[in-house]
Amino acid sequence: MIKTVPTVPFDDQKPGTSGLRKKVRVFQQPHYAENFIQSVFDSLEGYAGKTLVLGGDGRFLNRDVIQIALKMAAANGFGRVLVGQGGILSTPAASHLIRSSGAFGGLLLSASHNPGGPDEDFGIKYNVSNGGPAPEKVTDAIHARTLAIASYKILDAEDVDIDTPGTSQLGDMTIEIVDPVAGYADLMESLFDFGAIRALIADGFTLSFDAMSAVTGPYAVEIFENRLGASKDTVRNAIPLPDFGRHHPDPNLVHAKELYDRMMAPDAPDFGAASDGDGDRNLIIGRHCYVTPSDSLAVLAANAHLTPGYALGLKGIARSMPTSGAADRVAEKLGIPLYETPTGWKFFGNLLDAGMTTICGEESAGTGSDHVREKDGIWAVLLWLNILAARRQGVAQIMAEHWTTYGRNYYARHDYEAIAKDKADALMEALRAKLSTLPGASNSGGTVKSADDFAYADPTDQSISRNQGVRILFEDGSRVVFRLSGTGTEGATLRVYIERYVASDGDLGMAAADALAPLVRAAQEVADISGFTGMEKPGVIT
Ligand code: G16
């Protein structure tokens, strides 16, 4: 029986950079998840009888919200729902499943790299039929609906068994419980030379992958250990846990410190990598050699032609604005376009659909390609492995050769987390107010060439996105960027992105912190970070 449940709007359901992310306790309020899911359905047209993909990263509340979403999908007229067995689907695997099954869209349950558990974070994101995050016009419509909703529809039914593969009925809707790993692993095998990687590993190449007790464990075991023959201790923290073992599943140098320490040890493996809560981010560390996400994008783009899936070359490269310009130099050399978009994977979707770019990347540890419409952690690791197998060189050697060819973009991101929102807004407002006075002025970073608030005009549909981050560009090509994160769940997070380019005949071997020190001082001088936030230094540096 379909129930229509009266409800009242919540005023805090505006999707952020990547869907709605809130504390679990917020999602546990009566009607909260239901309101948002109904608002998603109400913002879509023409899904009656169509297929929905449903899954998440296994975090606390995943299984409960899957049951709610199934009953609401049935009540709202979807024809079929594909659910990852156990409620598990990594974000890139969900994107692939939406595309390969011709689904109308998908609901992805994840708060990505944010921690999980009863006192931590949860999230719901809607992806459209190309497999990618809903574009802004859809998320805006969802938000508008959340503010006006008066009721939602849900089937009055028993919970569904989501652990046994197979097909069942819920009202008029069919439910298929599918293997979350196999189809995705096959896709990876179609893109990369698994034989060459297997041979590299058979020759003694060693790797270590930290799944951070999050969703990539089963994918990594199947691909690295079972299909590529890496040793059985390759994948660490391989079992997805609802609280990620009380760790923060964010693959950066702070939260994946155990991997970092292993990679810096005298007996380090040749290659180390990690992925995040929902499997779309990646961290790459060679033996004694950390690779920044921005550099990783550049190296992958420069070498992708060595792998079967990209042997015909790239159509273009896209990066988010705060990501370093390292990839720009590769695009220039390859003679292909480089697109600079706002932060948020959703902005790459149109470019990928239009065939304008092949590879995309972000400083926030995301890299991906036109094989799906999400960033893809395991894909990035495999592309690296395939390149290493083709070149038969170590990561450090590849990085050194890359910088000698293109020069080096020294880069760091400083995060100031959990700032009071009004203080963070005041800082950004003060910064915006002084933008016109900055060009020509000098500070510790040198002379300012230009300063603006980044706006993006999508070349495919001409939509404009404004206020996407304050950029201060210096005459020597260095840059400091300020923006507020759109993914946090507590107060505001200020991100300061710092970049300095050194040409190939300059000093390529500095420690990044030393190379960037004057720009870090400049950021403080221009934005008065400690004055506004009371923080003397960032909580996280990546
Ligand atoms: C999401 C988005 C990314 C974005 C990142 C950080 O990633 O998909 O495009 O770069 O958040 O965004 P912000 O700087 O606004 O916090 P994920 O992995 O959290 O889904």
Is the [atom1] atom of [X] crowded by more than 12 outside heavy atoms at less than 6.0 Å?
| X | atom1 | value |
| --- | --- | --- |
| K23 | NZ | yes |
| I464 | CD1 | yes |
| Q29 | CD | yes |
| E429 | CD | no |

N/O donor-acceptor pair under 3.5 Å between [X] side chain and [Y] backbone:
| X | Y | value |
| --- | --- | --- |
| E499 | G325 | yes |
| K434 | V526 | yes |
| Q468 | R466 | yes |
| D328 | E332 | no |
| N35 | V8 | yes |
| S296 | P293 | no |

Just by distance, no angles: are the side chains of [X] and [Y] close enough, under 3.5 Å, to form a donor-acceptor pair?
| X | Y | result |
| --- | --- | --- |
| T447 | S442 | yes |
| S444 | E525 | yes |
| R373 | S95 | no |
| D295 | Y406 | no |
| D415 | T493 | no |
| Q13 | S39 | no |
| N350 | Y339 | no |
| Y184 | S90 | no |

Partner set under side chain to side chain donor-acceptor pair (under 3.5 Å) for K22, not counting sequence neighbours: none
Do [X] and [Y] touch side chain to side chain, with heavy atoms closer than 4.5 Å?
| X | Y | result |
| --- | --- | --- |
| D64 | Q28 | no |
| R59 | F244 | yes |
| I149 | F36 | no |
| V128 | I98 | no |
| Q524 | S530 | yes |
| V502 | W403 | no |

Derivation and outcome, side chain to side chain contact (heavy atoms under 4.5 Å, CB included), residues N443 and F474: CA-CA 10 Å; N443 55 37; F474 292 88; 3.3 Å; yes
Nearest non-hydrogen partners of [X] and [Y], listed with the distance:
| X | Y | answer |
| --- | --- | --- |
| A515 | R500 | O-NH1, 2.7 Å |
| I359 | A304 | CD1-CB, 4.1 Å |
| P322 | Y411 | O-OH, 2.5 Å |
| G46 | F104 | O-CE1, 3.6 Å |
| T323 | S294 | CG2-OG, 3.3 Å |
| P342 | F454 | N-CE2, 3.7 Å |

Please output the side-chain donor-acceptor pairs of residues 531-542 that fall under 3.5 Å, not counting sequence neighbours, one pair per line with the distance.
from, atom 1, to, atom 2, distance (Å)
T533, OG1, I529, O, 2.7
T533, OG1, M535, N, 3.0

Roughly how far, to the nearest 0.5 Å, is the [atom2] atom of [Y] from the [atom1] atom of [X]?
| X | Y | atom1 | atom2 | result |
| --- | --- | --- | --- | --- |
| L494 | E417 | CG | CD | 10.5 Å |
| L107 | L89 | CG | CG | 11.5 Å |
| T358 | I336 | OG1 | CD1 | 7.0 Å |

Under 4.0 Å between a Lys/Arg side-chain N and an Asp/Glu carboxylate O for [X] and [Y]?
| X | Y | answer |
| --- | --- | --- |
| D250 | R281 | yes |
| D121 | R21 | no |
| R319 | E362 | no |
| R471 | E340 | yes |
| R25 | D119 | yes |

Mutual orientation of the aromatic rings belonging to F78 and Y47 [parallel < 30°, tilted 30-60°, perpendicular > 60°]: parallel
Mutual orientation of the aromatic rings belonging to H255 and H248 [parallel < 30°, tilted 30-60°, perpendicular > 60°]: parallel
ring-ring contact (aromatic ring centres under 6.0 Å, His included): pairs with one or both residues in residues 128-153, sequence neighbours excluded: H31-Y152
Verdict with supporting geometry, V372 and L187, side chain to side chain contact (heavy atoms under 4.5 Å, CB included): CA-CA 10 Å; V372 289; L187 173 68; 4.1 Å; yes
Ring centre gap for F10 and Y32 strictly below 6.0 Å: yes
Charged tip of R329 within 45° of Y501 ring normal and under 6.0 Å: yes
Verdict with reasoning, K125 to E374, per salt bridge (Lys or Arg N to Asp or Glu O under 4.0 Å): CA-CA 12 Å; K125 181 168 84 151; E374 288 278 3; 2.7 Å; yes
